[in-house]
Amino acid sequence: MTQIRLLPAADLPGTHVLIIGVGYYQHLLDGPATTPGMHLGLSVLASPPTSAMRLARWMLNGDGATSAGLNNPGAPLTTMDILVSSQQGEQLDVAGTAHLIERASLTLVQAAFDRWLDELRRHPCNVGVLYFCGHGVTGTGPEHILLLDDYGANRNRPFQTGSFDMSNTLRALWRRVQAQLYVFIDACRTYDHSLGETMGGLPAPLLQYGGSSQNINRGTTWIESAGEGLPAYGDTNGTSRFTEALLQALTGYCGAPQGGSPNWLITGSALLQAVPKLLATVNKARGGEPQSCSPHTSGTHDMPLHVTAQIPKVKVEIELSPATQRIVRRFSIHDLVNPAAPPITGGQVQGIWQTEANKGTYEVRVDSANPYMSGQQYFEPPYFHLPVEVQP
Amino acid sequence: MSFQTLRVDLIVMGERYYSVTEITLPASVVDARGEVLCTGAVSARVPTELIYERGDMPLFVRMILPNGIIKTQSLIGRNQIWRNTVTFHIGDEEGTSNWMAWSAARLDLKCIGGALRSLPGMADAWFQLWEQDSNDQRWRQTNLRHGIAGLHSSAEAIQMHFDQSSSPRTLVVRLDSDSSQIISLPPLPTRVLVTTVRTLSGAVKPKVVIGDYSPNAEAIMEYLRAGRLGAVEALLDPGGDLAHRLLYDKVEDPIAATAAAYYLLRKRDWERLPDQWLENLENWFEWIPDARLIHAMSQIERGMPIVEASALAVTTLSHFLDRGFPLFSEATWLLGDLLALAKTAERPLATRIRRTLGTMLAASRPAGLSFGFAGKAPNRPMAAKEAFELRQKQRRNNLLSEAAQEVFGLVDATVPQLPPAVFREEPASRQLQIAVNRLRTNLEVLQSTSQQPVPGSAAKTLFMHEALNADG
């Protein structure tokens with residue numbers, strides 16, 4: 001079992017994380033035991049293990065970033081269950097202990113999910129994080145089916161192992177878990193005819209429910225990395241687009257001020273604002289077909305996932321027209337709250353001018369025959385775009 | 001520190017802006033970090049007073065528009081004196097046409113992506129109007145040209161006006177993809193704007209904006225869609241005028257009341273969402289199918305034995321499609337939950353309805369805040385398999401097209417540079433040029449034949465080129 005326990009079990013609020021990254025699918029194309037006719041046209045992936053491990057490392061120790069990982073004073077990181085299927089196998093070093101990461105087969109994922117659920121249900125003010133990166137498919141209906149590394153082990157019942165129904169797992173969680181949930185699903189939602197044309201035996205959720213239909217969950221932020229019927233991309237075999245956007249949000253491009261403190265809260269609402277825009281900037285940087293995510297939030301509470309002292313950053317784009325002026329004009333960005341702060345300057349380059357600033361209120365100026373002054377502009381993380389027209 | 005009163009005026013600009021006095025938007029007094037000190041709902045009808053506490057630190061008043069634009073003003077004037085009044089103007093963005101001004105609150109007009117006609121595939125774009133017969137619940141295509149009360153067009157946009165309707169209706173549109181999209185239209189007098197927007201990814205895409213639900217409904221649903229729950233909360237502040245008007249006076253603006261109910265359901269704020277209120281909303285306004293879903297889901301989420309919940313889901317969905325489609329895309333979440341519950345019922349949902357709803361949800365393709373799905377007609381949502389195959393085909397065509405364009409670029413950059421005499425003496429180059437020309441022709445044929453024929457009656461269909469050439 002790969003449960004990394006960071007704090008002893010106690011009846012205090014904590015954050016409990018379940019990370020699943022599936023790349024080395026045993027029975028898909030290029031896998032070690034490809035099952036003819038069962039591979040759905042899908043192959044092993046390099047990006048999910050990389051993405052899952054990067055998120056886990058960041059949560060545990062900051063993964064080289066300036067911050068020291070997931071920080072939630074109200075619900076400190078208490079357990080992390082992690083399952084990753086990669087060709088080479090993975091391990092995590094935490095406080096001098098090396099943890100071998102187990103692979104993400106259905107049996108192991110079910111066991112990890114049950115452990116995670118037990119932890120979550122200890123306290124109503126817990127925070128639960130469920131992250132999945134790997135293949136996802138849909139059938140004729142809206143249910144999102146996620147594939148684990150032993151999918152297709154049985155030729156006669158391909159969905160008997162290695163798959164589960166994420167949509168109904170979440171519906172069950174809402175009826176069984178009070179804790180604040182953050183659910184990040186980085187997987188395609190494209191149709192698969194094997195699933196669509198399967199009679200009976202469709203994948204089951206990881207959790208079933210009965211009794212009352214009452215939704216007892218305090219709050220959920222649920223972001224799927226793709227819209228209905230659409231793909232998600234890993235691109236370069238590095239971190240997937242969506243996870244890259246999520247990590248950017250967690251590491252500096254997202255946050256709401258915490259009252260009475262210098263800190264910033266990465267809440268569900270803040271993530272909902274940031275992740276779709278950051279995904280768009282990742283799309284732009286990587287090219288190809290754009291991917292757009294599907295965020296949703298519900299519930300009475302929005303307990304933070306992460307708390308940071310770092311002022312959220314904003315990616316600033318100034319689009320000057322006519323374009324011919326970009327090579328000759330310069331811009332300056334003036335902090336209106338702290339006029340003594342040196343302005344951010346740039347320009348005299350082709351393309352849309354890009355820079356970064358801390359969240360705040362600024363004035364953008366562009367030199368020209370009639371200098372342009374934007375007036376007060378609020379730079380909200382993660383992205384601010386200002387079209388500017390100047391006289392040539 | 002002392003308490004101060006700030007008067008906030010909201011002026012909605014734009015010729016022909018509809019119901020300007022009805023619009024209400026959230027405003028906040030914030031400090032330099034963006035911490036909210038107070039919020040309120042600012043109405044265009046009368047000035048609003050916000051009471052806030054201030055010390056020496058600079059403060060700002062901020063308004064977030066439904067289109068995502070944030071307007072900020074310092075509470076300290078240029079003369080370093082604290083301001084007691086601020087005025088926000090909205091709808092004054094640089095629209096290219098006055099008649100687009102109504103959409104300014106929901107559409108960032110600075111992001112208009114250019115000429116409609118220049119988008120790939122738009123030359124063959126078309127629009128259809130379908131109505132549901134209240135007697136047999138069948139959907140029938142009506143002649144769109146007769147259904148339109150007005151039509152404006154410019155290079156960047158077209159706008160269609162529809163009169164009130166006594167029947168549920170939908171717009172079926174085919175824009176830049178091979179598949180058409182069904183978009184729910186409210187039965188009220190409605191404007192439909194079709195334009196282009198440039199997304200943050202840099203792609204230029206067509207966009208359909210359905211208007212005239214009611215300004216407050218549109219604001220609430222746009223905030224909800226964008227995850228700006230704080231903005232909705234500010235609008236529905238329990239002490240506020242708007243909350244009172246929407247939650248207790250729903251006859252005046254039932255669609256905005258429905259939007260508010262969607263938000264309160266998401267927040268599971270049962271105190272402000274009493275069952276009796278929802279029952280009235282459902283029974284009094286049958287033409288808002290969303291109300292039925294909200295009522296059922298609120299009963300289920302409040303809690304009942306799961307067997308009863310499943311039965312209620314079946315009852316709710318059994319005749320749900322008889323009253324047209326929900327107005328708002330938020331309904332997709334509720335339909336998904338109800339369908340999942342209905343599958344576990346002792347007396348299951350009729351197979352035909354279950355399949356239709358499942359297919360519709362899998363083909364979900366909202367138009368902004370409006371409910372929509374891919375399909376050929378309102379009763380023919382696109383099967384997931386068909387959507388997948390179509391997408392694969394488009395992808396192959398795009399890849400082929402991109403590869404061919406690269407070849408054209410290489411050849412155009414090299415071959416024409418050869419002097420004519422040399423070119424004639426270069427058989428390999430000549431053969432390459434011939435091959436490229438053949439590839440170019442084949443690609444044009446592939447692109448021209450990739451589009452699906454118009455389903456339904458072409459005679460009752462309005463084509464984009466007709467709309468762009470017409471102006472009413």
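Chain A is the first sequence line, chain B the second, and so forth, proteins listed ahead of strands; every chain is numbered from 1. These numbers come from a predicted model, not from an experiment.
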Do you know which of A:Gly259, A:Gly210, A:Gly229 has the most heavy-atom pairs under 4.5 Å to chain B? A:Gly259

B:Ser74 portion near chain A, given a 4.5 angstrom heavy-atom threshold: both

For each of B:Thr332, B:Thr359, B:Asp31, B:Asp337, tally heavy-atom pairs with chain A at distances under 4.5 Å, and name the one with the top tally. B:Asp337

Under 4.5 Å to a heavy atom of chain B? For A:Asn217 that would be both

Using a 3.5 Å distance criterion without hydrogens, assess whether the side chain of B:Asp108 forms a donor-acceptor pair with backbone atoms of B:Asn67. no

Identify which part of B:Ile70 has an atom lying under 4.5 Å from any heavy atom of chain A, answering side chain, backbone, both or neither. side chain

For chain A, find which of B:Gly358, B:Gly227, B:Ser201, B:Gly303 contributes the most heavy-atom pairs closer than 4.5 angstrom. B:Ser201

Between the side chain of A:Gln291 and the main-chain N/O of A:Arg241, is any donor-acceptor distance below 3.5 Å? no

Whatever's closer than 4.5 Å to a heavy atom in chain B on A:Arg286 counts as neither

Please state whether the side chain, the backbone, both or neither of A:Lys359 comes within less than 4.5 Å of a heavy atom of chain B. side chain

Test your reading of the model: is there a side-chain donor-acceptor pair from B:Arg33 to the backbone of A:Pro262, 3.5 Å cut-off? yes

Please answer whether the main-chain N or O of A:Val275 pairs with a side-chain N or O of A:Gln248 as donor and acceptor at a distance below 3.5 Å. no

Heavy-atom pair count under 4.5 Å with chain B, highest-scoring of A:Pro257, A:Pro295, A:Ser213: A:Ser213

So what's closer than 4.5 Å to chain B heavy atoms on A:Ser261: side chain, backbone, both or neither? backbone

Chain B contact residues among residues 169-180 of chain A, heavy-atom distance under 4.5 Å: A:Arg171, A:Trp174, A:Arg175

Do any N or O atoms from the side chain of B:Thr72 and from the backbone of A:Gln377 form a donor-acceptor pair under 3.5 angstrom? no

Between the main-chain N or O of B:Met221 and the side-chain N or O of B:Glu330, is there a donor-acceptor pair closer than 3.5 Å? no

Do the side chain of A:Thr308 and the main chain of A:Trp264 share a donor and acceptor less than 3.5 angstrom apart? no

Let me know if A:Glu319 has heavy atoms under 4.5 Å from chain B in its side chain, its backbone, both or neither. side chain

Using 30° and 60° as the class boundaries, would you call the ring planes of A:His385 and A:Tyr383 parallel, tilted or perpendicular? parallel

Please look at B:Arg302 and chain A and tell me whether the side chain, the backbone, both or neither of the residue comes under 4.5 angstrom of a heavy atom of that chain. backbone

Which residue out of B:Arg225, B:Glu301, B:Arg268 racks up the most heavy-atom pairs below 4.5 Å with chain A? B:Arg268

Is B:Lys71 reaching over with its side chain to a backbone N or O of B:His89, donor-acceptor style, under 3.5 angstrom? yes

Looking at B:Ser310, B:Ala309, B:Ala340, B:Cys111, which one has more heavy-atom pairs under 4.5 Å with chain A than the rest? B:Ala340

In terms of heavy-atom pairs under 4.5 Å with chain A, the winner among B:Arg354, B:Glu308, B:Gln73 is B:Gln73

Scanning both residues in full, the closest heavy-atom pair of B:Pro381 with B:Thr356 reads CG-O, 4.0 Å

Quick one: does B:Asp269's side chain have a donor or acceptor within less than 3.5 Å of a partner on B:Leu264's backbone? no

Parallel, tilted or perpendicular for B:Phe328 and B:Tyr262, by the 30°/60° rule? perpendicular

Is A:Gln208 atom CD crowded by more than 12 heavy atoms from other residues, nucleotides or ligands, each under 6.0 Å away? no

Chain B interface, residue from A:Gly375, A:Pro290, A:Pro231 that has the most non-hydrogen pairs under 4.5 Å: A:Pro231

Residue, of B:Leu229, B:Leu265, B:Leu200, that accumulates the most heavy atom pairs under 4.5 Å with chain A: B:Leu200

Over 12 foreign heavy atoms within 6.0 Å of CZ, B:Arg355: no

Part of B:Lys343 lying under 4.5 Å from any heavy atom of chain A: side chain

Does any heavy atom of chain B fall under 4.5 Å from the side chain of A:Thr300, the backbone, both, or neither of them? both

Contact check, side chains of B:Arg272 and B:Lys267, non-hydrogen atoms, under 4.5 Å: no

Heavy-atom pairs under 4.5 Å with chain B are the metric here; pick the option from A:Pro312, A:Ser269, A:Gly360, A:Gly211 that has the most. A:Gly211

If you count heavy-atom pairs under 4.5 Å between each of A:Asn168, A:Thr221, A:Leu272, A:Thr297 and chain B, which one has the most? A:Thr297

Chain B contacts, top residue of A:Gly141, A:Gly268, A:Ser292 (heavy-atom pairs, under 4.5 Å): A:Gly141

Any donor-acceptor N/O pair, A:Thr220 side chain to A:Trp222 backbone, under 3.5 Å: no

Is it the case that A:Asp335 and A:Asn338 place a side-chain donor and acceptor less than 3.5 Å from each other? no

